[in-house]
Amino acid sequence: MKALINQPDQVVTEALQGMAMAYPNLIRLHENPQYVLRADAPKTGKVALVSGGGSGHEPMHAGFVGRGMLDAACPGAIFTSPTPDQIQEASTAVHGGQGILHIVKNYTGDVLNFQMAAELLQNDGIEVHSVVIDDDVAVKDSLYTAGRRGVGATVLAEKICGAAAEAGANLNAITALCTSINDSARSMGLALSPCTNPETGQASFTLGENEIEYGIGIHGEPGRQRIPWQPADTLTEKLMLPIIEDLPFKKGDEVLLFVNGLGATPLLELNIVYRAAARLASQHGLKVSRRLVGAYMTSLDMAGVSITLLRLDESMRSYWDAPVCTPALRWGC
Amino acid sequence: MKALINQPDQVVTEALQGMAMAYPNLIRLHENPQYVLRADAPKTGKVALVSGGGSGHEPMHAGFVGRGMLDAACPGAIFTSPTPDQIQEASTAVHGGQGILHIVKNYTGDVLNFQMAAELLQNDGIEVHSVVIDDDVAVKDSLYTAGRRGVGATVLAEKICGAAAEAGANLNAITALCTSINDSARSMGLALSPCTNPETGQASFTLGENEIEYGIGIHGEPGRQRIPWQPADTLTEKLMLPIIEDLPFKKGDEVLLFVNGLGATPLLELNIVYRAAARLASQHGLKVSRRLVGAYMTSLDMAGVSITLLRLDESMRSYWDAPVCTPALRWGC
Amino acid sequence: MGYAVVTLMQWITCAEEQFQSHLAELNALDAAIGDGDHGSNLARGFAKIREKLQANPPETPASLFKLVGMTLISTVGGASGPLYGSFFLEAGKIAGEQRELDDATLARCLQAGLTGIQRLGKAEAGDKTMIDALEPAIHALTNKAEMGVAAQKAREGRDATIPLIARKGRASYLGERAIGHADPGATSASLLLDCLASACLA
Amino acid sequence: MGYAVVTLMQWITCAEEQFQSHLAELNALDAAIGDGDHGSNLARGFAKIREKLQANPPETPASLFKLVGMTLISTVGGASGPLYGSFFLEAGKIAGEQRELDDATLARCLQAGLTGIQRLGKAEAGDKTMIDALEPAIHALTNKAEMGVAAQKAREGRDATIPLIARKGRASYLGERAIGHADPGATSASLLLDCLASACLA
Ligand SMILES: Nc1ncnc2c1ncn2[C@@H]1O[C@H](COP(=O)(O)OP(=O)(O)O)[C@@H](O)[C@H]1O
Ligand SMILES: Nc1ncnc2c1ncn2[C@@H]1O[C@H](COP(=O)(O)OP(=O)(O)O)[C@@H](O)[C@H]1O
Ligand SMILES: [Mg+2]
Ligand SMILES: [Mg+2]
Ligand SMILES: [Mg+2]
Ligand SMILES: [Mg+2]
């Protein structure tokens, strides 16, 4: 496979090493088991935020470790959830005596491994709360599915809860905040190309010249539907309407609009999608007061985009604005 | 062509509109002619920095407009230099009475159009200096070429000179600083895939399953040589050695290491390249004291990477560390 | 017959070989309705198990099962890591101190393992998961069937997942698009039963 | 013969049509040794020219040339915008107030245009640029050749760029890899001369 890698089975390890070398002031890498932690961890007296999941979604999650966001991230193999002992060790290493919040995306693997880790930590006498993020409206939430996937809301929850933890909020308050962010956020994505797993060299699916996977997740899994290409404004509407209708978002709501690139889509195109999404939001009476545009939660080299809307309240907004000092998100420091 | 666009000839305009909507506090967009300027321009009493070039390299240049970096950016059509009147109007709009520095990449089109603009501005009584960036060691610099291309050093020059302008340095001093950055920087890139121009729908070249274009520019032009795929560490060495030898960089030099993604290459891979590059730098006795890793100067959806080394002196280092408040580079604010 | 630790080691060794040689096939099945890593996941886990077994051969069935379960949990990740891991951990709890398991005890071990998977993953037969291969096979063993018959049941269970819509795991996101594909976990479970049958014969 | 503004407008209209119909071909030539936009660049510039000519038909050759030159400079960008723009601006300066140019004056206009391109771009014949088509054609006109002959010279000049290594513009980055491809600028220049010849005949 033609990629900038050495050994396929060393991709994640070497990338983490490179990242740690590039941000020595912000993060540290622990190997065996693999996790990334704040350079100044553990922060005594602060609730610790730990997240993680399969690799291949960079900069998520390791790029969000640092002051004002995560205390530790546990990267699994490509698209494979981390293991319980990895999560347990990372959590223990950053525990500052005030308990731990696990922010977990709703995939069977992530949920099961974090659940096992939480049990191990509780056996060690460490208080752990978990919030499962499930914001993807492409998936029907019913008894007959594994429930909605966790996608873009994860990034927003990590930023906002990270600021709350930094400000000294306690575990119950941060857990409630995280739950409320998840309840107030909805997402949807589409892909213009498959992604190729560097560990296996295989493309996740094949798409015709003119085809799009609509309702895609972030692991190269096929979407709910295959549709023909349409102009960006139309495709954006096909993402925005199900999002707006689902919560439902209402006239007068203040929102954060997050346009996320899946990896290979140029910023030029993300900006065109942002333009269309912001216009649609206004047309529906939503007040877009905060925004994020860029590749923050990717699927390797997939071309495509996802959109997330988060209904902001005052505390979310001010935590969003608070300083964040991580490799991938940075302001106020 | 399957991209997130509407009309092919509206790609640049709509993307700029989207960008301006996403960063209302940092930048403003002027249409007809098209340019992006600081939200608070003109800054009286400050030297104004203006850059520009073809579009398709996002976030460069419009993403670098803001406090501590550019006062204005002039985006041309995809891969096509802006026009003299566009540059003239942008420069006039941000002129703060202390003269203007044009930072120009060494391509015939960019050089000619900026040169014409400078003449127009000088006729209007505005003092304009120009520094032409030509850091690409893939091109032989001789009487028999258009000279070396301007690549990665452009981003670094815009950041560092922007900080100097913000700190109140005068036009002569900033021009000298910019020249010295260009003299102290070298770059080289390679592509794993062509890019596709959304205005024409055409791929820039075709590459075999196992082929790489080595010594590539940023406009989809073919490189100097086509080579077979090799592991990331070897490819990184093939970029680093010509860079190190060219200046030459010497044992003990303090450097900034910039690993730049060309668009479609996942951060995972950029981090692997950064790891290899930083190791090579150490092995050559270079002290990497600052770094930048990410997609800052792209070629649309091209997969590939470029590396830039800048030999830092104390003033460059402190201007690099100074606050920068733009859509694409942000710290200290 | 009796299952001493050597026989059970043959089972696990066979599984390692099968997952390695079916790696691409399991990944491809998973790519069709999931994220394309099921083969890589199991191969990674069982490679680690082989390493550990070589370094520290266990002396009882229980310690073998525990080692397999713990290793799967700590090296596989994903959905299948905790699920197959629990399967072996729970099986190990039933095996006790015995040096050799009889047919009935082995069946009880496997049934406990299956219950562990279901407690964790909440899936039922028909949800298009590994359960669809494991349950009919283990049910047959509980009813004193030959091991070869159980393996046959598992293969049938795997094939029976093809026309199903998934209700658990990643494949559940696909709705109707999951129809027409065998479940990767049911396929790996069927390989596991094949190996148990061949270890019996050896 | 005499070149009134109507004849020269036919020249420019023909050029617009030719660049439009050869857009893909010029882009492809440019993709081979440059960045693939030469056709789009010229098409954009000449489309704008047509718009302006329709709104405000110029009355003298000089004002036509000036309009064409200014429009190319302000809408084309890239290398070819300033170069072709200067060509027409300089040509216009020679045309003065005359309502109709004779052969000799037109030749002097074109020669001035060529000199303008060279002052700006510093290229010489053999550098694999538009100069290679323009120079032999304009040289022929200065020596009183027919327009058809000049167009033929331009085509030959374009073809002569094929075996060359480029010394100016983007193609110069390619070294030996530029060999075997016609220069896009020489190709567009040859189309320009073809149009001038056909405007003469009309
Ligand atoms: N809740 C569940 N209960 C039982 N088995 C499940 C459940 N969820 C998923 N599986 C099984 O796991 C398999 C996928 O495993 P794997 O690909 O290794 O993990 P992941 O889905 O995390 O990538 C599925 O084919 C299915 O058989
Ligand atoms: N210095 C120069 N002098 C004359 N012609 C030049 C020079 N540099 C480039 N050209 C011409 O410009 C053409 C390329 O034009 P175009 O593709 O529109 O601009 P760009 O190279 O900026 O993309 C080349 O084919 C060549 O004929
Ligand atoms: Mg997985
Ligand atoms: Mg160009
Ligand atoms: Mg899987
Ligand atoms: Mg060109």
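Naming convention: chains lettered A, B, ... in sequence-line order (proteins, then strands); numbering from 1 in each chain. In this text the structure is predicted, and so the values were computed from the model without any measurement.
- The residues A/Glu213 and A/Arg226 are annotated as salt-bridged, a charged nitrogen and a carboxylate oxygen being separated by less than 4.0 angstrom.
- Contact record, A/Ala62 with A/Val36: CB-CG2, 3.9 Å, taken as the closest heavy-atom pair.
- Looking at B/Leu190, the atoms closer than 4.5 Å to chain A (heavy atoms on both sides) all sit in the side chain, from C-beta outward.
- Only the backbone of B/Glu211 comes within contact range of chain A, with at least one heavy atom under 4.5 Å from a heavy atom of that chain.
- At a 4.5 Å heavy-atom cutoff, the contact between B/Leu235 and chain A is made by side-chain atoms alone.
- The backbone N or O of A/Ile218 sits less than 3.5 Å from a side-chain atom of A/His57, completing a donor-acceptor pair.
- With a threshold of 4.5 angstrom between heavy atoms, B/Ala22 approaches chain A through its backbone and through its side chain.
- With a 4.5 Å cut-off on non-hydrogen atoms, B/Trp331 touches chain A through its backbone and its side chain both.
- Salt bridge annotation for B/Lys2-A/Glu209: absent, with no cationic side-chain nitrogen under 4.0 angstrom from a carboxylate oxygen.
- Ring pair A/His30/A/Tyr35 is parallel by interplanar angle, where below 30° counts as parallel and above 60° as perpendicular.
- For the pair A/Ser55 and A/Val12, the tightest heavy-atom approach, listed with the atom from each and the gap, is OG-CG1, 3.4 Å.
- Ranked by non-hydrogen atom pairs under 4.5 Å with chain A, the options B/Ala295, B/Ala232, B/Pro198, B/Gly18 are led by B/Ala232.
- Between chain A and the options B/Met302, B/Gln17, B/Glu269, the largest number of non-hydrogen pairs under 4.5 Å is found for B/Glu269.
- Around atom CZ of B/Arg330, more than 12 heavy atoms belonging to other residues, nucleotides or ligands sit under 6.0 Å away.
- Contact annotation for B/Gln7: neither backbone nor side-chain heavy atoms come within less than 4.5 Å of a heavy atom of chain A.
- In terms of heavy-atom pairs under 4.5 Å with chain A, the best-connected choice from B/Gln10, B/Arg290, B/Met19 is B/Met19.
- Heavy atoms of B/Val293 lying under 4.5 Å from chain A belong to its backbone as well as its side chain.
- Residue B/Thr298: no heavy atom, backbone or side chain, is found under 4.5 Å from chain A.
- If you tally non-hydrogen atom pairs under 4.5 Å between each of B/Thr236, B/Thr265, B/Leu300 and chain A, the highest count goes to B/Leu300.
- Chain A forms the most heavy-atom pairs under 4.5 Å with one residue out of B/Cys195, B/Gly56, B/Pro24, B/Gly261, and that residue is B/Pro24.
- Cation-pi check for A/Lys238 over A/Tyr214 is met; the charged atom lies under 6.0 angstrom from the ring centroid and within 45 degrees of its normal.
- Between chain B and the residues A/Ile78, A/Asp233, A/Asp301, the most heavy-atom pairs under 4.5 angstrom are made by A/Asp233.
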